[in-house]
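Just below is one structure, and these are the notes that go with it.
For clarity, every value in this text was computed on a predicted model and none was experimentally measured.
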Amino acid sequence: MSKENGEKPSFTPQMLPTQSYEEINAYVVGWGLFFAVLFALAVGYLCLKIGQTVDAFAPVSVLAMGMAVLFHRKNAFPETVHIQAIASAGTNILGGAMFILPALFILGIEDLSFWEMSLPIVLGGVLGVFLATVFRRYFVEEMENIYPFPSGSAAAEVLNSNEGSKAHLMLISGFLALVYDFVLNTLGWWQELLTTTAFSWGQQLAARYKLVFSLDNDAALLGIGYFTGLRYACIIAAGSFFSWLVCIPVAYYLGGEHVMEVKGASVLLADAPVSAVFSQYVRHIGIGMLAMAGVIGLLSMSGVVTRVAKRAVLDLFKRKESVEGNLLRTEQDLPMSLIVFGSVLMALAFGLFFHLTLTQTMMQTVLAFVIVVLFSLLLSVVGISSIAYTGNEPVSGMTIFMILVSGVVMSAAGMHGKVGVVAILMMSAFLCSALAVSGNFMSELKVAHLTGATPKKMERWQIVSIILTGFVSVGVMFILNSAYGFTGDGALQAPQANAMAAIVGPIMDTGEAPWPLYMAGAFFAIVLWMMKIPPLPFALGTYLPMGINTPVLVGGLLSYFVSHSSKDAAVSAKRLAEGNTVASGFVAGGAIGSLISAVLHIAGIDWFQKAWAASPAGTYLGILAYFALCVFLFWMAKRAVKD
């Protein structure tokens, strides 16, 4: 809050607003960009496997604090704050690249160049930084007592603690997860996807009642579940159970005589595998839920958009000196003139790219330009508010909403077939990048507010890091496509990209789409909202495979047990925080271990024991290994503080 308001922050940050600090230097920029690239590589694999990105703040913060001790840095705190902020771009930008671009390969479109795929990602990501800067004062300062920003607050807490023991614990848990996931994905000593069909009784259950239960015992997924917490983990799992244990059996019962295509062959639905019924029918209900969840969020935040837009216009016509002269160091953003110019430049650059490579008429270019600009502005507020409340952002749901709208509009403007598909996906990549960066970077700006860092310095270097990691993220996507692919046996799930492909393909090829299923999901989301159940996490569970959602529930249960492991609330809170450190190690180490496996796969090195992993013994060993991993997380969290 500014001096002119006569208000003071309700806390005293470590970097005092009235003093100056050396926040940016070669050490900060070098290590920040290094970690940005590293986590773009590691989390990129995780994103394509489970459909979720992971914040880099926790592992980078702890590693940077450990480095400060190792290198005897005298200016450790300001440097650590900005290292983790620059590094966060590596995961912030992944949404556009990993949620959208694989849909091109899924649909068999492989003639776009690396640069054609990268440009919408980079332009959208930079626009996202500008959008977050515009809304920073409202969300971070004026509403600081309203919006908790769980991710940003957690990051600030880690930074303010500055405990070397956390770095030690994270390295131990990270190394364990790295070895665990390396063995899982490279050696195949135990089964990764634990499913009831591995047992005779489970096969009978699936054959008679079409009921299947599965759990992916990946270490990184367990860590994500711990961070998610029990409430949202339960809602996500409920959505998954709704799909797999309710909708799928109903589909078999009511539509058994329906003819569908499975791997190019026509079969009766009654004879189709459960996974095919889920992907071709039930998942579309979840897509409809996701789209309606975006609409609900947009309507609830319409007033905020109007208010902040008015302020931006007023600041634009004020002289820079008069604005910054009344502001503390911790309240200074990039000049509004630069933000407006940069935003317009990013949008115009995308419009020019779109016109030169995809459109046939100026009307198509104008329509695409209006859609991406309007949706970027409006939906960024929805995403930021979601981040501010829950620490999660419905990027995929909001992008799906735009795909449905733009598909109808651009089809009416004469775009069809392959060109139409590519056009919609490029628009989606731009929008998704803008939304992902604006929401997640707002958490970093909250960190700046809580630690006393200078926002405009963080904003400036976030742009640099976004440009670098935007290109890196697309490169990672190309590498993983070469290693695993996104279709067929053994392919990465790429759940969001598969959902995008399932929507945009029919709309632009034939003008048809499973609208009844979308509508059913949309109305179900409204029912959930009426019952005051957040529709977004339920929708995520509905359209993601069960194996991805159930380990999130396990992690959420572990976080609940840790947080209730003592009658003393303070002790339980400290244990929960210690568990967060272990979970951060699981996420980072597990993702890196999986990435090493991907590199070996590309190199043609195959040590995987396929027969053993698929045997019942491999499943039993997988259960034991996963149980040991859960015990380790709980024990390490509980031993940190004694009653």
Does the gap between the ring centers of Phe632 and Trp635 come in under 6.0 Å? no
Evaluation steps, side-chain contact (heavy atoms from CB on, under 4.5 Å), between Ile248 and Ser243: CA-CA 6 Å; Ile248 287 178; Ser243 282; 5.6 Å; no
Would you call Tyr226 and Val562 a side-chain contact if the rule is heavy atoms closer than 4.5 Å? yes
If we check side-chain contact (heavy atoms from CB on, under 4.5 Å) with Phe586, which of these qualifies: Asp218, Leu178, Leu222, Asp181? Leu222
Would a 4.5 Å heavy-atom cut-off, applied to side chains only, mark Pro120 and Met426 as touching? yes
Parallel, tilted or perpendicular, as decided by the 30° and 60° cut-offs, for the rings of Phe35 and Phe39: tilted
How long is the straight-line distance from CG of Leu194 back to CZ of Phe199, given to the nearest 0.5 Å? 8.0 Å
Close side-chain approach of Gln204 and Tyr209, heavy atoms under 4.5 Å: no
Taking only residues two or more places apart in sequence, or in another chain, which ones meet Asp271 in a salt bridge (charged side-chain N to carboxylate O under 4.0 Å, His left out)? none
CG (Asn440) and OG (Ser88) are apart, to the nearest 0.5 Å, by 8.0 Å
Quick check: does any side chain N or O of Arg575 sit under 3.5 Å from a backbone N or O of Ser565, one acting as donor and the other as acceptor? yes
Is there a donor-acceptor pair closer than 3.5 Å between any side-chain N or O of Ser615 and the backbone N or O of Gly618? yes
Closest heavy-atom pair, Ala501 versus Pro506, reported as atoms and distance to 0.1 Å, is O-CD, 3.9 Å
Counting C-beta onward and ignoring hydrogens, is there a side-chain heavy-atom pair between Ser240 and Thr542 closer than 4.5 Å? no
Apply the side-chain contact (heavy atoms from CB on, under 4.5 Å) test between Trp244 and each candidate in Val274, Asn549, Leu211; give the one that qualifies. Val274
Distance, nearest 0.5 Å, that separates OG of Ser559 from CZ of Arg231: 13.5 Å
Locate the shortest heavy-atom distance separating Pro249 from Val246; write the atom from each residue and the value. CD-O, 3.3 Å
Heavy-atom side-chain contact between Val476 and Leu480 under 4.5 Å: yes
Less than 4.5 Å apart, any side-chain heavy atom of Phe213 and any of Phe241? yes
Taking CD in Glu257 as the centre, count heavy atoms belonging to other residues, nucleotides or ligands within less than 6.0 Å. Is the count above 12? no
Of all heavy-atom pairs between Asn92 and Ala436, which one has the smallest distance, and what is that distance? O-CB, 3.4 Å
Evaluation steps, side-chain contact (heavy atoms from CB on, under 4.5 Å), between Leu425 and Leu104: CA-CA 8 Å; Leu425 290 177; Leu104 293 166; 3.5 Å; yes
In this structure, CH2 of Trp115 is separated from CZ of Phe471 (nearest 0.5 Å) by 5.5 Å
Just to verify, what does Phe524 make a ring pair (Phe, Tyr, Trp, His ring centres under 6.0 Å) with, not counting sequence neighbours? Phe242, Phe538
Check for a donor-acceptor pair, side chain of Thr186 on one end and backbone N or O of Val183 on the other, with a separation under 3.5 Å. no
The reported gap from OG1 in Thr550 to CG in Asp216 (rounded to nearest 0.5 angstrom) is 8.0 Å
Taking atom types as modelled and ignoring hydrogens, do the side chains of His258 and Tyr281 form a donor-acceptor contact shorter than 3.5 angstrom? yes
Could you walk me through whether Gln191 and Tyr620 pass the side-chain contact (heavy atoms from CB on, under 4.5 Å) test, one step at a time? CA-CA 8 Å; Gln191 180 62 262; Tyr620 284 120; over 6 Å; no
If you define the side chain from C-beta out and look only at heavy atoms, does anything of Val422 sit under 4.5 Å from Glu116? no
For the student: nearest non-hydrogen atoms of Leu553 and Ala237, plus distance: CD2-CB, 3.9 Å
Can you tell me how far the CD atom of Gln280 sits from the CG atom of Leu269, to the nearest 0.5 Å? 9.0 Å
Fit a plane to each ring of Phe478 and Phe114, take the angle between them on a 0 to 90° scale, and name the class: parallel (under 30°), tilted (30 to 60°) or perpendicular (over 60°). tilted
Provide the closest heavy-atom pair for Val582 versus Ser173 in the form atom of the first, atom of the second, distance. O-OG, 3.4 Å
Would you say the side chain of Thr196 lies within less than 4.5 Å of the side chain of Ser214, judging by non-hydrogen atoms? no
If you look at every heavy atom in Leu404 and Tyr518, which pair is closest and at what distance? CD2-CE1, 4.1 Å
Would you confirm whether the ring centroid of Tyr180 sits within less than 6.0 angstrom of the ring centroid of Trp190? yes
CA sep, side-chain torsions, deciding dist, call: Cys630, Leu558, side-chain contact (heavy atoms from CB on, under 4.5 Å): CA-CA 8 Å; Cys630 294; Leu558 284 173; 3.9 Å; yes
